[in-house]
Amino acid sequence: MHAQEPMPGPPAVQIPCLVRSVGPGWHAVLYRLHGQLVALCPGYRALGVKEKFGGLRVQVDLGERAAREAAAPFLRAAEADAAVLCEFCARPGRARRRNDVPTGWIKTVCDDCHRAWSAREIMLVNGAVRSHERGPGKPAAPRKS
């Protein structure tokens, strides 16, 4: 009788499967991080990729402690790189609130995207920038001065 090999499970979810969780301005940072993690631990699992408080957050399972410790600088560098890149367009940016009011959502944006995001002209949908287009007969959204 031959020992039966365990059934292979589904492939591990890795960063490329989750890049659409954030804007396109951060995609290159995530693909670079993915390359670094694959070189370190080819079977790593991405547990989460998201924007929180204007910053990039990445959670991964690398298994052994040594791999986790070796990956920590890559994860910190990716989060630091995203902290100065517009999430919409990848130009230099900083964390700002919509309309620069003291409360509300925070995003890392450049000046141009901040204006458009504050005016609700653009938004992020499934990892892509979408514009709020007016349909026929719809008035323009009021702009705040």
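The shown structure was predicted, so the numbers you read here are calculated from the model rather than taken from an experiment.
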Visitor: Cluster question for you: counting only ILVMFWY and a side-chain heavy-atom cut-off of under 4.5 Å, with indirect links fine, are V38 and V13 together?
Guide: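 Linked within one cluster.
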Visitor: Closest approach of E79 and L56, non-hydrogen atoms and distance?
Guide: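 Answer, listing the atom of E79 first, then L56: CG-O, 3.1 Å.
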Visitor: Quick check for you: to the nearest 0.5 Å, what is the distance between Y31 atom OH and I15 atom CD1?
Guide: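 Here the rounded value is 10.0 Å.
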Visitor: How many angstroms lie between atom CZ of R57 and atom OG of S21, to the nearest 0.5 angstrom?
Guide: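 Reported to 0.5 Å precision, the distance equals 14.5 Å.
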Visitor: Between E51 and T108, is the side chain to side chain contact (heavy atoms under 4.5 Å, CB included) condition met? List the steps.
Guide: CA-CA 9 Å; E51 175 274 331; T108 299; over 6 Å; no
Visitor: Would you say the side chain of I122 lies within less than 4.5 Å of the side chain of C113, judging by non-hydrogen atoms?
Guide: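 The answer is yes; the side chains approach within 4.5 Å.
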Visitor: Hydrophobic cluster membership, with links at side-chain heavy-atom distances under 4.5 Å among I/L/V/M/F/W/Y: are Y44 and V29 in one?
Guide: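 Yes, Y44 connects to V29 through the hydrophobic network.
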Visitor: For the CZ atom on R20, are there more than 12 heavy atoms of other groups (residues, nucleotides or ligands in this structure) within a distance under 6.0 Å?
Guide: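 For R20, atom CZ is not crowded (no more than 12 foreign heavy atoms under 6.0 Å).
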Visitor: Could you report the tightest heavy-atom contact between A95 and I106, atom names first, then the distance?
Guide: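 Closest heavy-atom pair between A95 and I106: CB-CG2, 4.0 Å.
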Visitor: Determine, for R65 against E69, whether the closest basic-nitrogen to carboxylate-oxygen distance falls under 4.0 angstrom.
Guide: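 Yes.
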Visitor: Looking only at non-hydrogen atoms, find the nearest pair between A82 and W26 and report the distance.
Guide: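 Taking A82 first and W26 second, the nearest heavy atoms are O-NE1, 3.2 Å.
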Visitor: I'd like to know whether D61 forms a salt bridge (Lys or Arg N to Asp or Glu O under 4.0 Å) with R68, so could you lay out the CA-CA distance, the side-chain angles of the two residues, the decisive distance to 0.1 Å, and finally the verdict.
Guide: CA-CA 8 Å; D61 177 7; R68 290 192 309 267; 5.9 Å; no
Visitor: Indicate yes or no: does R115 engage D112 in a salt bridge with an N to O separation below 4.0 Å.
Guide: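 The answer is yes: the pair qualifies as a salt bridge.
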Visitor: Heavy-atom distance under 4.5 Å between the side chains of V109 and F88, does that happen here?
Guide: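 When only atoms from C-beta onward are counted, F88 and V109 do touch, with a gap below 4.5 Å.
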Visitor: Taking the side chain as every heavy atom from C-beta outward, state whether H34 and Q14 have any pair of such atoms under 4.5 Å apart.
Guide: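 The answer is yes, as the side chains (C-beta and beyond) meet within the 4.5 Å cut-off.
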Visitor: State, with a plain yes or no, whether a side-chain heavy atom of E87 is found less than 4.5 Å away from one of V22.
Guide: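 Yes - at least one pair of side-chain heavy atoms lies under 4.5 Å apart.
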Visitor: Is L75 close to L33 at the side-chain level, that is, under 4.5 Å between some pair of heavy atoms?
Guide: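 They are in side-chain contact.
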Visitor: Go through V129 and M123 one step at a time and tell me if the side chain to side chain contact (heavy atoms under 4.5 Å, CB included) criterion holds.
Guide: CA-CA 6 Å; V129 178; M123 63 182 173; over 6 Å; no
Visitor: How long is the span from the CD atom in E64 to the SG atom in C41, to the nearest 0.5 Å?
Guide: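 It comes to 8.0 Å.
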Visitor: Please find the pair of heavy atoms, one from C89 and one from C110, that lie closest to each other, and give the distance.
Guide: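 That closest heavy-atom pairing would be SG-SG, 3.6 Å.
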Visitor: What are the two closest non-hydrogen atoms of N99 and S118, and how far apart are they?
Guide: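 Of all heavy-atom pairs spanning N99 and S118, the closest is N-OG, 2.7 Å.
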Visitor: Verify side chain to side chain contact (heavy atoms under 4.5 Å, CB included) between V49 and V19, making sure each step is shown before the conclusion.
Guide: CA-CA 7 Å; V49 171; V19 295; over 6 Å; no
Visitor: If every non-hydrogen atom of G25 is compared with every non-hydrogen atom of L85, which pair is closest and at what distance?
Guide: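 Between these two residues, the closest heavy atoms are O-CD1, 4.2 Å.
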Visitor: Should D111 and R91 count as an ion pair when the cut-off is N to O under 4.0 Å?
Guide: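 Judged by the 4.0 Å cut-off on N to carboxylate O distance, D111 and R91 do not form a salt bridge.
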Visitor: Can any side-chain N or O of R97 pair as donor or acceptor with the backbone N or O of G104 at less than 3.5 Å?
Guide: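 Flag set: sc R97 to bb G104 pair under 3.5 Å.
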Visitor: May I ask you to test the W117-K107 pair for a side-chain heavy-atom distance under 4.5 Å?
Guide: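 The answer is yes, as the side chains (C-beta and beyond) meet within the 4.5 Å cut-off.
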Visitor: Heavy-atom count check: over 12 atoms from other residues, nucleotides or ligands less than 6.0 Å from R98 CZ?
Guide: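 Yes - once you tally the heavy atoms of other residues, nucleotides and ligands closer than 6.0 Å, there are more than 12.
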Visitor: Could you give the distance from CD (Q59) to CG (L18), rounded to the nearest 0.5 Å?
Guide: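 Q59 CD to L18 CG: 11.0 Å, rounded to 0.5 Å.
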